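In what follows, a single structure is set out as structure tokens and then discussed.
These figures come from a predicted structure and were not determined experimentally. Note that the numbering runs from 1 along the sequence shown for the chain.
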Amino acid sequence: MTAFFSSHVRKVSLALVFVASLSAVSSTSSFAFSAEAQQMCTGDAFRLCSSEIPNIPKITACMIRQRASLSSGCRVVLDRDLAAQGRKVAAQ
């Protein structure tokens, strides 16, 4: 029971760190993502790029590298947000 609880608390804490990091960066950096992208991509970020959390530039690079493995909703909003920032993403 304790291991399950610890694992759950860790996952929730990481999710909060990820969302807080994206929120802070979205107002101060070139890696600004919409609230929709944060919502649609948090699961993908944990699944595919958890080793990069909380480094936003590394998460972004990882998500771009893993584009083919992203959920369809995340891929759409990520592509849109990156295009709005003037960054190109190669279609895969």
Q) To the nearest 0.5 Å, how far apart are OG1 in Thr60 and CZ in Arg65? A) 10.5 Å
Q: Mind checking the CD-CE spacing from Glu52 to Met63? Nearest 0.5 Å is all I need.
A: 11.5 Å
Q) Under a 4.5 Å cut-off applied to non-hydrogen side-chain atoms, are Cys41 and Val77 in contact? A) yes
Q) What pair of heavy atoms forms the shortest contact from Pro54 to Ile59, and how long is it? A) C-CD1, 4.2 Å
Q) Is the backbone of Leu70 close enough, under 3.5 Å, to the side chain of Asp44 for a donor and an acceptor to pair up by distance? A) no
Q: Please round to the nearest 0.5 Å and tell me the distance separating atom CD of Gln38 and atom SG of Cys74.
A: 11.5 Å
Q.
Could you see if Val76 belongs to whatever hydrophobic cluster contains Leu82? Use Ile, Leu, Val, Met, Phe, Trp, Tyr and a side-chain cutoff under 4.5 Å.
A. no
**Q.** Approximate separation, where rounding is to 0.5 Å, of Ile64 CD1 and Cys49 SG
**A.** 10.0 Å
Q: Taking side chain to side chain donor-acceptor pair (under 3.5 Å) as the test, write out the residues that go with Glu36, two or more places apart.
A: Arg80
Q. Which atom names give the shortest non-hydrogen contact between Asp81 and Ala37, and what distance separates them?
A. OD2-CB, 3.2 Å
Q. Does Arg67 come within less than 4.0 Å of Asp79, counting only side-chain N to carboxylate O?
A. yes
